[in-house]
Amino acid sequence: MKGNIRVRFAPSPTGFLHIGGLRTALYNYLFAKHHNGKFILRIEDTDQNRYVEEAERDILDSLAWAGIEIDEGPHKKGAFGPYRQSERKDIYHKYADELIKSGAAYYAFDTTEELDQMRERLVKSGNPSPKYDSITRQSMMNSLTLPSEEVERRLEAGDEYVVRLKVPRRETIRFDDIIRGHVSFESKGLDDQVLLKSDGMPTYHLANVVDDHSMEISHVIRGEEWLSSTPKHVLLYEAFGWEMPQMAHLPLIMSPSGGKLSKRKAESDGISINTKDYMKNHYEPEALINFLAYLGWSPGDDSEIHSMESLCNLFTLDRVSKGGAVFNHKKLLWYNENYLREQSDHAIAARVKKIADDAAIQEADDQFLEEAVHLLKDRVSKIDELITMGSFFFHDPKEYDENALKKWKDDSSELVTLYKNNIVSLSTEDFKAETLKSHLEEIINLQEVGFGKLMMPLRIAVTGLGFGPDLFTSMELLGKATVLRRIDTALEKLD
RNA sequence: GCCGCGUUCGUCUAGGGGUCUAGGACGCCGCCCUUUCACGGCGGUAGCACGGGUUCAAAUCCCGUACGCGGUACCA
């Protein structure tokens, strides 16, 4: 790849950063870094109505959490600012004027009501997709139909107007997409897209072309939902006489039940849609990134686990697939387990202290916590599960797991009592996993029952659960006093 | 409806005319390990949407059909 690679991620601040948006950002970032290029963040805040105050902050936080570093953006000055479209209004106006002068665009004065009427009229006469096109515009109020004095008068009087792109009547528009190859559209299927809105803001179409050009963007990597408006952008580049950046339209992320991963769909499928939720729910950012990278792309070998750095090295656009990819939450969890397990007990313990809102854990002895983490971490998918599963290391069971209780049989009390009597005389130094286990074996042999007959009730008594880390090691960690106390309580409550 | 883009195991994917009785991963199932739950190890399950071409040969190329998705705004 020759020249300076510059790509941009251009979200509109209308809400929290969508997981699909994060993937688009990721692909842009990987592509940029692979080619030693720049990753630019541009805020596309041209829709005043949908603007959300906290959205920009959320985008920044989410990208930072994910490990995607911004080279230029609203908070990282570069030579091509400003990076917020709302701060570039005069630039768009200048270029809109240029288009009008060259005849590629025109003023239109139609009101919303008039447009509605036009559409209604066309639908009634059997046109299922009414357009403001080369035919329709002849019967509308615009600088193509109105006498120039009238246009002049209206503009001077401050009448509301929009600027529309004058789409040629019959023309085949072709372009090459890195992912999809040759793509072509007929101009007759396009309408005279509004370029400048009556509130003075540009639409996406104008703004994105002007900005990509003036920010010297080399590659536009965006979602497939933009594919069908690309011909309009082609027309714009042609009208300006600018070279168009290379285009790459990414496949969409789909919901397990089908369709674009929308808020509604995702929720009913039990999938979180905002990056923020993954942060809040303590996913490992590396896992999300790795998972997202593989959702629509693969390096072509059998590898699965890659750090961001490694992904940067491997990523190329020609290995992006064309079809939509279904979000597979179980695979995400699998990635999460991988990244969780490769961290040291020490590091995880420190993080657990931070995220736990349990005073007993926050104040726990580091050594003790680390040992607990060690016993637990192979059994959970996410770091927060460690806290719920390991709660018994810090608190006596308040209640006993309903499912586990099924294993508390008629003879359980008797067996547990025998075991208790057996270990009660153990000294603190002898209260070790191995010893605790051999004592249990002693009892079951004596009573001629299976291992589980005693082990399960004992587990319930000590932990309140029917599953978990190795019981004997856990008892050793808990210590004699705690274990005996819990056994007594259980005997009382469950007998 | 129209326009566009897609379609390999349930899911993510490898595959670019012969090496494909289609490879890997997640999931699921089984076995081993563990006298628990997991981890781990081993094995298994399952797929080229359909129909026509082209070719000695097609998952791979072409054309249709079906299905899916996207777009069709003074939203991005």
*asked:* Checking side-chain polar atoms at under 3.5 Å, does A:Asp199 have a donor or acceptor matched by the opposite partner on A:Gln48?
replied: no
*Are the side chain of A:Asn28 and the backbone of A:Ile221 linked by a donor-acceptor contact shorter than 3.5 Å?*
yes
*asked:* Can a donor-acceptor pair be found, under 3.5 Å and without considering hydrogens, that links the side chain of A:Arg341 to the backbone of A:Asp378?
replied: yes
*Less than 6.0 Å separating the ring centroids of A:His219 and A:Phe31?*
yes
*Starting at the 5' end of nucleotides 7-21 of chain B, put B wherever the base has a protein heavy atom under 4.0 Å, S where only the sugar-phosphate does, and a dash everywhere else.*
----BBSSS------
*More 5' along RNA chain B: A:Glu44 or A:Leu252, using each one's nearest nucleotide?*
A:Leu252
*When you check every protein heavy atom under 4.0 Å of nucleotides 31-49 of chain B, what one-letter string (B, S, -) results, 5' to 3'?*
----BBBBS----------
*Donor on one side chain, acceptor on other, A:Asn313 and A:Ser310, under 3.5 Å*: no
*Does a side-chain N or O from A:Lys131 land closer than 4.0 Å to OP1 or OP2 of B:C3, or not?*
no
*By a strict heavy-atom criterion of less than 4.0 Å, which residues belonging to residues 222-231 of chain A are in contact with RNA chain B?*
A:Glu224, A:Glu225, A:Trp226, A:Leu227, A:Ser228
*Contact class for A:Ser184 (heavy atom, under 4.0 Å): base, sugar-phosphate, or nothing?*
sugar-phosphate
*asked:* Determine whether a donor-acceptor pair (N or O, by modelled atom type, separation under 3.5 Å) exists between the side chain of A:Tyr419 and the backbone of A:Leu436.
replied: yes
*Is the shortest distance from a Lys or Arg side-chain nitrogen in A:Glu171 or A:Arg169 to a carboxylate oxygen in the other one below 4.0 Å?*
no
*Report yes if the side chains of A:Asn290 and A:Ile305 come closer than 4.5 Å at any heavy-atom pair, otherwise no.*
yes
*If we take the P atom in both B:A58 and B:U21, what is their distance in whole Å?*
12 Å
*Do A:Lys232 and A:Asp191 meet the salt-bridge criterion of a basic N to acidic O distance under 4.0 Å?*
yes
*Is A:Arg154 paired with A:Glu160 through a side-chain N to carboxylate O contact shorter than 4.0 Å?*
no
*Between B:U8 and B:G15, how far apart are the C1' atoms? Round to whole Å, please.*
9 Å
*Rounded to the nearest Å, what distance is computed from the CG atom of residue A:Asp192 to the P atom of nucleotide B:U72?*
16 Å
*NA contact type, A:Arg180, heavy-atom cut-off 4.0 Å: base, sugar-phosphate, or nothing?*
sugar-phosphate
*Is it true that A:Arg8 and A:Asp212 have a side-chain N and a carboxylate O under 4.0 angstrom from each other?*
yes
*Between B:U72 atom P and A:Gln193 atom CD, what is the distance in whole Å?*
9 Å
List, with names and distances, any nitrogen or oxygen atoms from the protein found under 3.5 Å away from nitrogen or oxygen atoms belonging to nucleotides 61-66 of chain B.
none

*With sugar-phosphate meaning primed atoms plus P, OP1 and OP2, does A:Thr46 contact a base, only sugar-phosphate, or nothing at under 4.0 Å between heavy atoms?*
sugar-phosphate
*Heavy-atom contacts under 4.0 Å between residues 104-121 of chain A and RNA chain B, which residues?*
A:Asp110, A:Leu115, A:Arg119
*Inspect the contact between A:Arg84 and A:Asp45 and indicate whether a charged nitrogen and a carboxylate oxygen are less than 4.0 angstrom apart.*
no
*When rounded to the nearest Å, what value does the distance between C1' atoms of B:A49 and B:C9 take?*
14 Å
*With sequence neighbours left out, which residue pairs that include part of residues 111-135 of chain A fulfil the ring pair (Phe, Tyr, Trp, His ring centres under 6.0 Å) condition?*
none
*Write down the distance between NE2 (A:His205) and C1' (B:U72), rounded to a whole number of angstrom.*
11 Å
_Basic-acidic side-chain contact under 4.0 Å: A:Glu385, A:Lys382_ = no
*Where does B:C39 fall, syn or anti, if syn means a chi angle no more than 90° from 0?*
syn
*May I ask you to decide if A:Ala293's main-chain N or O and A:Tyr27's side chain share a donor-acceptor pair within less than 3.5 Å?*
yes
*Of the nucleotides B:G1, B:C75, B:C74, which has the atom closest to the A:Val162 side chain?*
B:C74
_Whether A:Lys166 and A:Asp192 form a salt bridge (side-chain N of Lys/Arg under 4.0 Å from carboxylate O of Asp/Glu) is what I want to check._
no
*Between A:Asp345 and A:Lys377, is there a salt bridge with N-O shorter than 4.0 Å?*
yes
